[in-house]
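What follows is one structure encoded as structure tokens, with my remarks underneath.
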4 protein chains.
Amino acid sequence: TIQHIFKEIFKASLELQEDDNRKALLVSRKKQKEDTVVDIKGVKIGGSEPVLIAGPCSVESYEQVKAVALNHKRQGLKLLRGGAFKPRTSPYDFQGLGIEGLKILRQIADEFDLAVISEIVSPHDIELAIEYIDVIQIGARNMQNFELLKAAGSVNHPVLLKRGMSATIQEFMFAAEYIVSKGNKQVMLCERGIRTYEKATRNTLDISAIPILKQETHLPVLADVTHATGRLDLLLPTAKAALAAGADGVMVEVHPDPAVALSDANQQMDLGQFNDFLSELQASGLLKAKARV
Amino acid sequence: TIQHIFKEIFKASLELQEDDNRKALLVSRKKQKEDTVVDIKGVKIGGSEPVLIAGPCSVESYEQVKAVALNHKRQGLKLLRGGAFKPRTSPYDFQGLGIEGLKILRQIADEFDLAVISEIVSPHDIELAIEYIDVIQIGARNMQNFELLKAAGSVNHPVLLKRGMSATIQEFMFAAEYIVSKGNKQVMLCERGIRTYEKATRNTLDISAIPILKQETHLPVLADVTHATGRLDLLLPTAKAALAAGADGVMVEVHPDPAVALSDANQQMDLGQFNDFLSELQASGLLKAKARV
Amino acid sequence: TIQHIFKEIFKASLELQEDDNRKALLVSRKKQKEDTVVDIKGVKIGGSEPVLIAGPCSVESYEQVKAVALNHKRQGLKLLRGGAFKPRTSPYDFQGLGIEGLKILRQIADEFDLAVISEIVSPHDIELAIEYIDVIQIGARNMQNFELLKAAGSVNHPVLLKRGMSATIQEFMFAAEYIVSKGNKQVMLCERGIRTYEKATRNTLDISAIPILKQETHLPVLADVTHATGRLDLLLPTAKAALAAGADGVMVEVHPDPAVALSDANQQMDLGQFNDFLSELQASGLLKAKARV
Amino acid sequence: TIQHIFKEIFKASLELQEDDNRKALLVSRKKQKEDTVVDIKGVKIGGSEPVLIAGPCSVESYEQVKAVALNHKRQGLKLLRGGAFKPRTSPYDFQGLGIEGLKILRQIADEFDLAVISEIVSPHDIELAIEYIDVIQIGARNMQNFELLKAAGSVNHPVLLKRGMSATIQEFMFAAEYIVSKGNKQVMLCERGIRTYEKATRNTLDISAIPILKQETHLPVLADVTHATGRLDLLLPTAKAALAAGADGVMVEVHPDPAVALSDANQQMDLGQFNDFLSELQASGLLKAKARV
């Protein structure tokens with residue numbers, strides 16, 4: 001077994017080296033001690049105050065997005081999300097308005113002084129997208145679409161990267177590394193639930209991923225509680241939990257008339273529900289900077 | 001397809017009936033609107049104020065438990081856990097002190113005016129156990145040990161039931177129903193992480209299970225963050241998250257000298273770490289009654 | 001980092017030791033090179049010829065079991081399974097005939113010269129059970145009911161141990177070790193599907209577990225394709241797959257009138273379906289000894 | 001509850017309609033009764049005889065691929081796989097030779113009269129790829145890269161689509177539908193293991209998926225046992241199992257010198273191991289047409 005010991009020493013050296021490689025990741029906290037703060041039109045993500053990102057699942061019309069934007073202004077919110085290119089399980093489902101959707105978002109953003117976030121699904125649309133949207137979202141299904149990651153890394157524009165449905169935390173970090181290693185440092189991570197055997201929720205919010213990602217990387221970490229739970233009745237408690245666990249922000253879906261939504265009709269809040277959600281979240285104190293010390 | 005429609009109507013009727021059955025569960029919120037509050041030597045679990053349950057993984061000696069008990073008194077804590085019958089993966093691992101362990105717990109409880117909690121693994125030990133311990137714990141591996149559940153249901157003594165490693169929320173509720181249907185209403189539920197593909201944590205804390213169980217049942221709901229994460233660095237953020245999500249309490253492991261612990265040496269806090277954990281949890285405000293409104 | 005290297009050498013030594021421990025398991029192939037063959041009334045399990053175990057989910061009446069036994073005789077089968085103590089998710093579901101069920105099984109076994117298999121769920125029923133049944137089954141929910149394992153290890157009687165719903169292969173081996181380490185060497189392992197995110201089947205048959213268990217242990221390995229799939233249309237292809245992967249036998253459920261079965265009504269074959277299943281399995285050649293060389 | 005019944009009737013009608021939609025899928029067996037057979041340079045996939053696809057994980061050099069091709073010729077094999085565009089978890093891992101790799105494959109294919117298969121990862125490379133390779137592979141990470149699926153659907157060229165790491169069988173079918181609905185009917189499905197809690201294997205081969213996909217679709221179904229298990233010692237039993245369950249073929253990795261492979265060094269067979277694997281598979285009779293009746 002002396003042979004075994006040498007083999008193990010060799011293996012251990014390999015692991016040490018691998019550990020060094022990880023240490024060397026650009027997204028790693030070991031590489032950069034201080035938090036990366038992404039500034040989106042003056043809203044700082046990853047700073048002392050958590051943020052709320054909200055908007056409809058899909059951009060359906062100017063009027064629809066405007067209704068959400070008006071409510072955002074009333075509530076003092078700045079960050080509006082909306083899907084233009086929709087990755088859908090079935091080819092026969094509504095696939096989004098595409099570039100028209102991005103134009104609506106830009107128009108709304110300019111009229112109401114908001115920042116807009118939308119998912120891009122093709123590497124060749126990245127260049128185009130930065131003309132219209134303030135944050136490029138890369139969705140869960142594309143977390144290991146490496147061509148898309150490289151394209152998003154080649155521009156100097158904020159990127160919100162969602163965790164893959166069954167990605168490990170380490171794979172998630174490597175996906176972010178694909179972007180950062182190409183030169184784009186404005187990357188935000190978003191936990192959105194993982195796929196497990198439990199079907200009471202659409203996915204299982206991996207709450208532990210939030211403090212782990214905060215420790216292991218210097219990037220902002222958000223939680224999309226709409227996709228993580230798929231249930232309106234769980235948005236408030238899971239949003240509170242995410243903030244209590246150290247998330248830099250929360251994402252939710254809100255639609256002026258969810259019943260007629262072209263996607264995710266069952267899991268979007270209407271404006272009244274959203275305003276209640278927001279005021280309860282504010283009342284909890286967890287959205288305030290001081291709660292985070 | 002008219003045949004199909006009739007078949008579906010029939011199926012729908014069956015589902016309706018099943019829904020009625022679930023409505024009829026004794027643990028269901030539909031059966032009892034108000035929260036069940038379990039009173040353990042004056043500490044109310046499921047009431048307005050969340051609780052903290054702490055103690056060593058295994059009872060190893062009188063001196064060991066005493067060290068934890070003394071610290072509990074200094075910190076104003078009342079609930080002490082400790083394992084006497086240890087369900088261990090390998091037959092060659094330390095199996096616990098058994099009845100001697102329960103006697104140590106009783107002695108400590110009496111000397112320091114604490115309430116003690118310990119796991120029971122055999123139906124025939126239930127009667128004996130209630131002489132020594134204030135709360136019978138049924139562990140994750142035994143959540144569907146129906147003989148044990150029935151035995152625990154046949155005494156009038158508080159029971160803390162942990163969720164099975166891969167139990168659905170519905171199966172968890174049915175396991176509680178086994179106890180309550182035998183006449184014992186003092187049941188507390190404990191989420192302790194589920195088994196998923198992610199190995200960064202020992203298990204995956206299913207944070208959504210907490211608000212779901214609070215909605216669907218009238219029983220107190222706790223979170224064991226030590227077993228859910230298996231990582232000291234995640235205890236504080238996940239404990240905060242559990243409380244923010246509505247948990248009635250949190251369970252953690254603390255040992256006077258974790259390095260020499262006979263089980264779970266890597267995941268138990270020492271007394272200094274535990275006191276820091278406690279003071280940070282208190283500082284968050286989430287352990288206070290008012291945070292729960 | 002020289003410190004690191006020493007730490008890793010230390011860790012590697014620990015792992016070596018752990019590896020030695022595993023080597024030392026009584027169930028391990030490293031401990032015993034030749035296959036354990038369990039002889040049940042002349043039927044050899046783990047030998048050169050694979051076996052088929054079949055019978056109703058629950059023993060419901062003498063007449064019901066007799067109908068299956070008569071068919072077994074016609075088909076030349078010797079091993080009949082039937083549940084008397086039924087672990088059911090809900091306390092309101094049919095819980096089995098208990099000891100009456102065991103008596104029916106014994107009577108049938110004697111009348112038709114069959115060997116009977118039934119699940120036991122309480123440690124205190126083990127002694128009693130061996131008077132009535134030829135093989136004690138320990139079910140998936142009880143794979144880590146260590147008191148039950150120890151009781152089953154204390155008698156000299158064949159035991160069929162099912163893999164837990166979310167047990168790792170290593171945990172499964174340790175569960176078997178609990179039995180064997182108490183002195184009972186007649187243990188058979190049974191893969192019955194694991195819990196995953198995929199819901200097209202009741203569980204996911206972990207086909208790889210069969211060759212792994214054959215390599216790592218010297219015990220017979222069976223596959224319960226009824227519980228693994230929960231679908232009649234998958235019994236034949238998965239049974240073939242299990243045998244092709246090296247299983248020593250297959251378990252299925254058959255009921256004279258599944259529509260009125262008191263449990264698992266949807267996944268039991270009727271006698272006609274069962275006879276078709278059997279003849280197709282025989283036609284594949286996979287049930288024959290020579291296919292296994 | 002009469003209201004409930006109407007609601008359920010309504011829901012049932014919706015489900016009926018959804019069922020009709022699924023029936024209407026172009027990949028569905030309900031739409032096309034007879035099996036789709038894909039002809040690749042005279043080799044028929046999905047016909048009466050199962051096939052074996054083999055080759056190195058990555059194309060590394062002309063000499064490396066030639067060594068495998070020579071062995072293929074000796075063994076009478078026609079289908080050679082090799083990766084040119086490698087989707088790798090880390091941006092710092094070998095990313096493949098890209099277009100140079102495709103050229104090597106074409107050269108080998110022409111010299112040795114073989115058909116070559118390689119993964120394409122970017123929609124814009126599809127047009128180019130069909131000049132060099134006989135089958136376009138879409139990998140697990142890209143199963144829901146819908147832009148890539150649409151591009152692959154827009155050419156008239158065989159496509160081998162792998163199941164996503166945590167894709168349901170239904171999602172897998174919808175992914176295939178994306179391709180077929182664009183007009184390309186030459187689609188083959190490949191089960192390659194799903195992500196579960198069990199870590200004894202790299203993934204868990206979902207053996208039941210094979211008969212389900214054969215029943216629900218008319219497309220050829222293959223099994224990649226190298227990626228499913230990640231273990232050399234499991235290739236033979238799982239390959240046999242896949243064929244016994246009805247697979248139209250098996251995929252494995254073979255490399256002339258696995259120790260120096262630039263990717264997957266641990267799970268590729270060398271030529272000797274591969275030839276042994278092949279002869280044992282042939283000896284089992286499961287690769288022959290008559291075994292499939």
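Here is the naming used below: chain letters follow the sequence lines, and residue numbers restart at 1 for every chain.
Note: B:Arg163 CZ to B:Leu213 CG = 7.5 Å, rounded to the nearest 0.5 Å. Rounded to the nearest 0.5 Å, atoms OG (C:Ser90) and CZ (B:Phe174) are 4.5 Å apart. Atom-to-atom distance recorded for C:Arg81:CZ and C:Leu105:CG is 10.0 Å, nearest 0.5 angstrom. The distance from the CG atom of C:Leu148 to the CD1 atom of C:Ile120 is 8.5 Å, given to the nearest 0.5 Å.
Side-chain atoms of B:Thr229 and B:Thr201 include no donor-acceptor pair closer than 3.5 Å. Looking only at atom types and distance, the side chain of C:Gln267 has no donor-acceptor partner in the side chain of C:Arg231 under 3.5 Å away.
The part of B:Arg195 that comes within reach of chain C is its side chain, from C-beta onward, which places non-hydrogen atoms under 4.5 angstrom from that chain. Proximity to chain C (any heavy atom under 4.5 Å) is restricted, for B:Phe146, to the side chain, taken from C-beta onward. For B:Asn142, the part sitting under 4.5 Å from any heavy atom of chain C is the side chain, from C-beta outward, and nothing else. Of the two parts of B:Glu177, the backbone and the side chain both hold a non-hydrogen atom closer than 4.5 Å to a non-hydrogen atom of chain C.
Other residues, nucleotides and ligands contribute over 12 non-hydrogen atoms within 6.0 Å of the NZ atom of B:Lys150.
With B:Glu60 contributing its side chain and B:Leu262 its backbone, the two residues share a donor-acceptor pair below 3.5 Å.
The choice from B:Glu171, B:Lys182, B:Met143 that makes the most heavy-atom pairs within less than 4.5 Å of chain C is B:Glu171. Chain B forms the most heavy-atom pairs under 4.5 Å with one residue out of C:Glu147, C:Met165, C:Gln144, and that residue is C:Gln144.
Under a 4.0 Å N-O distance rule, the pair C:Arg202/C:Asp264 qualifies as a salt bridge.
Listed in order of number, the residues of residues 122-130 of chain C that approach chain B to under 4.5 Å between heavy atoms are C:Ser122, C:His124.
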